[in-house]
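The structure displayed is predicted, hence computed values, not measured ones.
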Amino acid sequence: MRSDQVKKGYNRAPHRSLFRATGIKNEDFDKPFIGVANSYIDIIPGHFFLQQYGAIIKDEIKKSGCVPFEFNTIGVDDGIAMGHDGMLYSLPSRELIANSIETVMNAHKLDAMICMPNCDKIVPGMIMGALRVNVPTVFVSGGPMKKGYTKDGDPIDLATAFEAVGKFENGDITKEELTDIECNACPSGGSCSGMFTANSMNTLMEAMGIALSGNGTILALTLEREVLIRDAARRVCEIALDKRYNFKNILNEKAIRNAFAIDMAMGGSSNTVLHMLAISKEAGVNFNIADINEISKKVSHIAKISPSLSTVHMEDINRAGGVNAVMKEIAKCDNDSMYLDNLTVTGQTIGERIEHCKIKDTDIIHTLDNSYSKVGGLAILFGNLAKAGCVIKTAGIIGERSFTGKAVCFNSQDEAILGITNNRVKAGDVVVIRYEGPKGGPGMQEMLAPTSLIMGKGLGKSVALITDGRFSGATRGLSIGHISPEAAEGGMIGLLEDGDKISIDVDAYTIKVELSEDEISLRRANFKPIVKHVSGSWLKQYRLLVTNASSGAVLKTEF
């Protein structure tokens with residue numbers, strides 16, 4: 001056992017003495033030691049109940065003849081951090097979470113691990129940490145929340161609440177209607193009910209084979225979710241000493257490509273691109289951002305889930321057959337759309353896992369011959385405005401897929417919110433929000449507040465938005481993020497001026513500003529990036545170490 005390094009031999013008597021202080025008995029030293037990485041925190045709706053789930057996991061691990069050691073990671077609620085400088089800490093928290101997993105597991109030489117994330121950056125952070133540790137690991141999330149309903153019975157969610165702010169400011173809804181939405185959009189514990197970032201990553205874990213079936217869709221705080229958690233706890237004990245299940249043997253290149261295929265099929269959050277690129281690097285997989293378009297061309301978009309012009313939520317996907325049903329249908333696509341021979345933590349291959357699955361409701365999960373689109377729900381655009389690429393959630397487009405307009409430039413999200421609120425943005429404009437990238441923010445804020453204001457003001461079909469920042473999974477419209485290089489590193493987005501003509505063509509995968517090379521060279525010669533003042537040591541460290549979005553915004557480890 002790996003844990004023998006801290007518990008066997010006469011020279012480990014001091015170590016065993018410390019273990020005994022925690023309640024470990026003589027017979028326990030011959031058992032596998034299992035790390036239980038919990039992300040319990042009171043302030044996040046998807047996490048406040050994870051303490052009780054942690055107790056269930058530890059109980060099952062003990063019953064299965066192993067010894068659990070629970071520890072916690074931090075967490076940031078992106079919705080609560082949204083729209084103010086608290087969001088600067090969201091993406092950086094991913095690195096702290098990965099570091100904490102690596103630290104606890106390697107410092108104490110635990111044999112295997114079960115990880116319980118649920119929301120925001122906690123899922124990819126835990127995955128990145130697990131890849132560094134590379135022991136048998138099972139993931140089981142806390143589960144999605146129920147969708148909400150207005151008093152009139154209309155289904156709503158967190159995106160509804162953000163967009164309601166713009167509608168209220170525009171005079172389209174009353175204060176009473178706003179309060180009704182506020183009080184009912186998030187009716188229970190769990191990760192926000194649509195295909196936002198948390199649920200996107202929780203479903204992709206099924207496609208990667210690192211979680212059990214149902215992980216992304218079974219509702220939180222249900223008996224069915226508790227059964228899943230107990231099954232996961234028993235499974236980690238079954239594989240704890242089996243090196244075939246070391247994490248990198250499961251999460252390999254095929255797993256990453258399977259994840260992107262399901263991402264395309266279900267129209268996941270654009271944040272998944274950022275996180276999957278980072279996960280690829282931790283896995284040692286050579287995956288280029290341009291490869292995403294090649295996967296998209298092979299995979300049809302067959303599930304449209306809120307906020308993508310849909311009232312479908314995760315509970316509906318679960319009822320219609322879940323992620324397995326999506327994988328089974330996508331596997332029918334041509335050109336190796338799914339790698340069915342890849343191993344999962346259950347011991348089955350992906351193909352064996354989905355062999356007997358089927359779509360139970362074709363109004364919720366469409367068949368290939370009735371797909372929403374013959375290409376996937378995400379696209380990477382390139383051009384003189386984004387030489388290293390940028391990302392759009394095509395599943396969330398509500399107007400035309402090509403757009404040309406004049407730039408209206410803002411040097412921060414706060415400036416943009418003020419400008420949109422004060423009607424500086426008109427139909428036909430391209431809103432430019434810069435200096436919000438990983439380095440420029442620093443921390444790459446999500447732009448849900450400005451995109452929701454645009455939607456709330458009725459401009460969703462007539463305005464485009466581009467940024468070197470990123471978007472919440474709740475964002476919809478012609479919203480393009482992750483522009484790389486970012487403004488803070490001299491990217492073209494930093495050279496834009498009000499009135500510049502910007503052309504976007506999603507189907508041609510292009511984004512460009514209509515400027516001559518001479519004009520670009522002249523602007524570049526006089527350009528000096530803005531360096532924002534930040535307080536706090538961590539953000540300053542992060543700014544020095546972080547790479548751009550096309551690299552997954554991972555931290556540099558070599559200089």
Side-chain angles (χ1 to χ4, degrees), residues 37-41 43-48 50 72-103 115-132 139 141-142 144 158 190-192 195-205 208 210-211 216 259 263 268-282 391 436-439 441-448 469-475 481-482 536 538-539 541-543 545-549 551-555:
N38 200 334
S39 53
Y40 156 75
I41 183 171
I43 204 167
I44 303 178
H47 292 247
F48 72 88
L50 295 187
N72 267 76
T73 69
I74 66 162
V76 171
D77 187 293
D78 282 14
I80 295 172
M82 196 78 66
H84 57 89
D85 61 6
M87 181 52 73
L88 298 176
Y89 289 91
S90 174
L91 185 58
S93 74
R94 186 186 74 180
E95 311 310 313
L96 296 176
I97 292 162
N99 290 345
S100 67
I101 295 283
E102 177 186 0
T103 299
C115 291
M116 189 163 51
N118 210 26
C119 298
D120 300 321
K121 308 303 141 321
I122 299 159
V123 179
M126 282 192 169
I127 294 173
M128 291 163 67
L131 284 164
R132 297 176 193 174
F139 273 74
S141 300
L158 181 64
S191 49
C192 295
M195 195 65 168
F196 312 137
T197 303
N199 288 328
S200 296
M201 291 302 302
N202 287 331
T203 57
L204 296 195
M205 285 198 285
M208 286 186 275
I210 62 177
D263 207 8
S269 163
S270 58
N271 276 325
T272 57
V273 174
L274 190 72
H275 299 319
M276 290 305 302
L277 289 173
I279 288 166
S280 298
K281 290 185 183 300
E282 294 287 0
V391 182
E436 293 292 7
K439 186 178 294 291
M444 204 178 184
Q445 296 196 69
E446 289 187 343
M447 302 290 127
L448 181 56
R470 60 194 177 90
F471 297 113
S472 164
T475 292
H482 306 199
W538 167 227
L539 290 182
Q541 294 173 47
Y542 184 81
R543 181 163 60 192
L545 295 173
V546 72
T547 60
N548 66 33
S551 300
V554 296
L555 301 187

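Annotation: side chain of L91 is in contact with side chain of H275 (closest heavy-atom distance under 4.5 Å). When side chains are defined from C-beta on, H482 counts as touching L274, because their heavy atoms get closer than 4.5 Å. Looking only at side-chain heavy atoms (C-beta outward), M128 and K281 stay at 4.5 Å or farther from each other. Proximity of M276 to M208: side-chain heavy atoms (C-beta onward) are separated by under 4.5 Å at one or more points. Side-chain contact check for M205 versus P117: some heavy-atom pair is nearer than 4.5 Å.
Under a 3.5 Å cut-off, the side chain of S200 and the backbone N or O of S269 do form a donor-acceptor pair. For the pair N271 (side chain) and T197 (backbone), a donor-acceptor distance under 3.5 Å is absent. Of the possible donor and acceptor atoms, none in the side chain of R94 sits under 3.5 Å from a partner among the backbone N and O of A278. In this structure, the side chain of T547 engages the main chain of V554 through a donor-acceptor pair within 3.5 Å.
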Check against side-chain contact (heavy atoms from CB on, under 4.5 Å), W538 and L96: CA-CA 10 Å; W538 167 227; L96 296 176; 3.7 Å; yes
Step-by-step side-chain contact (heavy atoms from CB on, under 4.5 Å) determination, N99 to R132: CA-CA 9 Å; N99 290 345; R132 297 176 193 174; 2.7 Å; yes
Chi angles and distances behind the side-chain contact (heavy atoms from CB on, under 4.5 Å) call for C115, F139: CA-CA 5 Å; C115 291; F139 273 74; 3.4 Å; yes
Verdict with reasoning, E446 to D120, per side-chain contact (heavy atoms from CB on, under 4.5 Å): CA-CA 11 Å; E446 289 187 343; D120 300 321; 5.7 Å; no
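With sequence neighbours excluded, the residues that form a side-chain contact (heavy atoms from CB on, under 4.5 Å) with I44 are I41, H47, D77, C119, I122. Checked against side chain to side chain donor-acceptor pair (under 3.5 Å), T272 has the following partners two or more places apart in sequence or in another chain: D263.
With values rounded to the nearest 0.5 angstrom, M126 atom CE is found 8.0 Å from M116 atom CE. M87 contributes atom CE, which lies 10.5 Å from atom CD1 of I80 (distance to the nearest 0.5 angstrom). Of the inter-residue distances, the one linking F471 atom CZ with M444 atom CE reads 9.0 Å to the nearest 0.5 angstrom. Distance check: I127 CD1 to I101 CD1 gives 10.5 Å after rounding to the nearest 0.5 Å.
When every heavy atom of S191 is checked against every heavy atom of N202, the shortest pair comes out as OG-ND2, 3.9 Å. Closest of all the heavy-atom pairs between A81 and V76 is CB-CG1, 4.1 Å. A549 and L277 make their closest contact through O-CD1, 3.9 Å (heavy atoms, listed as atom of the first residue, atom of the second, distance). The two residues N118 and G142 make their nearest non-hydrogen contact at OD1-N, 3.1 Å. Counting all heavy atoms, side chain and backbone alike, P442 lies closest to L539 at CG-O, 3.9 Å. Residues A553 and P438 come closest through the heavy atom pair CB-CG, 3.9 Å.
Annotation: I74, atom CD1; neighbour count of heavy atoms from other residues, nucleotides and ligands within 6.0 Å is above 12.
Using modelled atom types and a 3.5 Å distance limit, the side chains of R470 and S90 yield a donor-acceptor pair.
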